[in-house]
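The chains referred to below are lettered A, B, ... by the order of the sequence lines, with proteins before strands, and numbering in each begins at 1.
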Amino acid sequence: MKNIEEIKIAVCEAGKRLLKEGLVARTWGNVSIRVNDRQMVITPSGRKYDELTPADMVLVDIYTLKYEGKIKPSSELKLHCQVYKNRPHINAVIHTHQMQASIIAAAQKNVEVIQEAHQKILGARVIKAAPYALPNTKKITVETEKSIEQANAALMANHGVVCIGNDLENAFEVARTLEQACTDFIEYNKRKTA
Amino acid sequence: MTQEQAIAQLLSAYEYFEQHSEGYKTWGKVTVLQIAIRLENGNILVTDRNKLLAQLTASDIHQEERNGFFGRLFSKRKNISIILYTHQEYASQVKTEIPPILDDQAQLLGVSVRIATEENKINDALCGRFAVILNNGNSICIGTNLEEAYVAAQLLEKTSKAFVEAAYLGGAKAINRVEAWLMHKFYMLKYSKEAKKNK
């Protein structure tokens with residue numbers, strides 16, 4: 001198992017990778033990795049990804065939400081903690097504002113996953129959109145957690161996406177696959193309209 | 001900002017936009033046609049709209065009268081120091097007001113994105129907002145600094161793309177305007193403070 005410092009480096013690099021892959025911008029979105037049954041490391045609140053260093057990453061207690069140090073963790077930490085509490089095999093959580101999924105989130109629709117290969121990675125034939133709730137509220141955590149159920153991703157209406165994985169690589173694969181599945185779904189609807 | 005600092009920033013703006021385009025590459029194409037900057041003494045410098053930003057030289061930067069096109073926009077927004085005049089792939093396709101359809105839109109751009117039907121109505125359309133779409137398909141995006149104005153332009157493109165493409169899914173659903181307004185105020189105050197505190 002990696003130590004906390006190694007995990008902080010991994011979370012910091014993951015934040016920069018989210019930016020590079022076009023899954024987040026500016027200070028939006030966040031990423032975390034589970035340390036053990038009780039702790040996770042998450043990106044900080046209100047900071048730009050390209051300015052982050054591993055020392056800015058925040059160690060958080062999953063059960064109490066208490067964090068180590070003076071740097072405040074991402075305001076969406078409750079959602080991450082909830083996932084880790086309810087899904088013991090999940091070790092990485094990514095919250096993105098990726099483009100194609102944002103289109104469907106703005107329409108408040110579920111995503112019908114058309115390709116079988118995508119269904120396997122996403123763990124479901126339909127990726128649900130959680131009803132709208134203001135960011136950083138209890139409601140957004142509860143509704144997103146309900147919508148993700150046994151799948152590996154959920155849309156958050158008018159907001160973004162949460163993707164989960166057994167490890168960080170898996171969570172990134174889920175995010176990329178979801179983006180492709182969303183593109184397919186939009187194109188399918190365009191053809192239907194035409 | 002002094003005149004020398006402003007000229008240096010304008011001359012390096014293209015490079016800055018290129019370096020900070022990561023994260024926006026899937027959103028749609030944003031072309032900055034012109035930049036206006038307000039100096040600490042209130043003077044306004046503008047780049048030549050006919051010159052590509054990548055080829056800008058000091059001779060393409062001019063001082064504008066305070067009652068000129070950009071001066072009139074600056075006069076209504078005391079804390080704004082940058083105005084970008086842009087052409088954007090998806091924003092140029094939008095013909096009606098975009099209500100608040102995404103949280104990040106509401107947080108930075110404000111409660112909606114309006115269309116300014118005439119030049120003398122841009123200030124009204126921009127009221128309390130950070131972006132406006134013009135009748136000619138171009139857009140105005142503003143910020144307290146270059147980074148904020150650039151993000152506003154990119155976010156306008158993301159919002160426009162979501163608005164245009166969601167039409168094929170039955171249309172984008174708006175969130176509550178009061179909540180959107182509160183989110184905007186909260187983001188502008190709290191996140192700017194937090195970014196400073198967390199440094």
**Q** Side chains of B:Leu169 and A:Phe185, heavy atoms from C-beta outward: is any pair under 4.5 Å?
**A** yes

**Q** Does the side chain of B:Lys25 come within less than 4.5 Å of A:Met99's, by heavy atoms?
**A** no

**Q** Who wins among A:Glu21, A:Glu179, A:Lys109, A:His159 for the most heavy-atom pairs under 4.5 Å with chain B?
**A** A:His159

**Q** Which answer fits B:Lys158, side chain, backbone, both or neither, if we ask what part of it has an atom under 4.5 Å from a heavy atom of chain A?
**A** both

**Q** Any non-hydrogen side-chain atom of A:His97 less than 4.5 Å from a side-chain atom of B:Leu102?
**A** no

**Q** Measure across A:Asn158 and B:Ile101 and return the closest heavy-atom pair with its distance rounded to 0.1 Å.
**A** ND2-O, 2.8 Å

**Q** Is there a side-chain contact between A:Tyr132 and B:Lys173 (heavy atoms, below 4.5 Å)?
**A** no

**Q** Could you tell me whether the side chain of B:Thr26 reaches within less than 4.5 Å of the side chain of A:Gln100, counting heavy atoms only?
**A** no

**Q** Is there a path from A:Met156 to B:Met183 through hydrophobic residues (I, L, V, M, F, W, Y) whose side chains come within less than 4.5 Å of each other?
**A** no

**Q** Flag yes if A:Ile62 and A:Val142 sit in one hydrophobic cluster, no otherwise; membership is Ile, Leu, Val, Met, Phe, Trp, Tyr, and two members link when side-chain heavy atoms are under 4.5 Å apart.
**A** no

**Q** Within this structure, what is the CZ-CG distance for the pair B:Phe186 and A:Leu134, rounded to the nearest 0.5 Å?
**A** 10.0 Å

**Q** When heavy-atom pairs shorter than 4.5 Å are enumerated against chain B, which of A:Ala105, A:Gly160, A:Ala107, A:Ala25 gives the highest number?
**A** A:Ala107

**Q** Looking at every non-hydrogen atom in both residues, tell me the closest pair between A:Ile103 and B:Ala166 and how far apart they are.
**A** CG2-N, 3.7 Å

**Q** Which atoms of B:Glu157 are under 4.5 Å from chain A, going by heavy atoms: the side chain, the backbone, both sets, or neither?
**A** neither

**Q** So for A:Lys190, is it side chain, backbone, both, or neither that comes closer than 4.5 Å to the heavy atoms of chain B?
**A** both

**Q** Check each atom of A:Ser102 against the heavy atoms of chain B and say whether the ones under 4.5 Å are side chain, backbone, both or neither.
**A** both

**Q** Is there a path of hydrophobic side-chain contacts, each under 4.5 Å between heavy atoms of I, L, V, M, F, W or Y residues, that connects B:Ile98 with B:Tyr168?
**A** no

**Q** Quick check: is A:Ile9 connected to A:Ile94 through a chain of hydrophobic side chains (ILVMFWY, heavy atoms under 4.5 Å apart)?
**A** no

**Q** So, taking the atom named CZ in A:Arg26 and the one named OH in B:Tyr150, what distance separates them when rounded to the nearest 0.5 Å?
**A** 12.5 Å

**Q** Checking A:Leu18 against chain B: side chain, backbone, both or neither under 4.5 Å from a heavy atom?
**A** neither

**Q** Checking A:Lys192 against chain B: side chain, backbone, both or neither under 4.5 Å from a heavy atom?
**A** neither

**Q** Between B:Gln154 and chain A, with a heavy-atom cut-off of 4.5 Å, which part of the residue counts as in contact: side chain, backbone, both or neither?
**A** neither

**Q** Is B:Leu155 close to chain A through its backbone or its side chain, or both, or neither, when contacts mean heavy atoms under 4.5 Å?
**A** side chain

**Q** Applying side-chain hydrogen bond (donor to acceptor under 3.5 Å, both in side chains), can you list everything that pairs with A:Gln82, at least two apart in sequence or on another chain?
**A** none

**Q** Check whether B:Phe17 and B:Ile140 end up in the same hydrophobic cluster, where Ile, Leu, Val, Met, Phe, Trp and Tyr are linked by side-chain heavy atoms less than 4.5 Å apart.
**A** yes

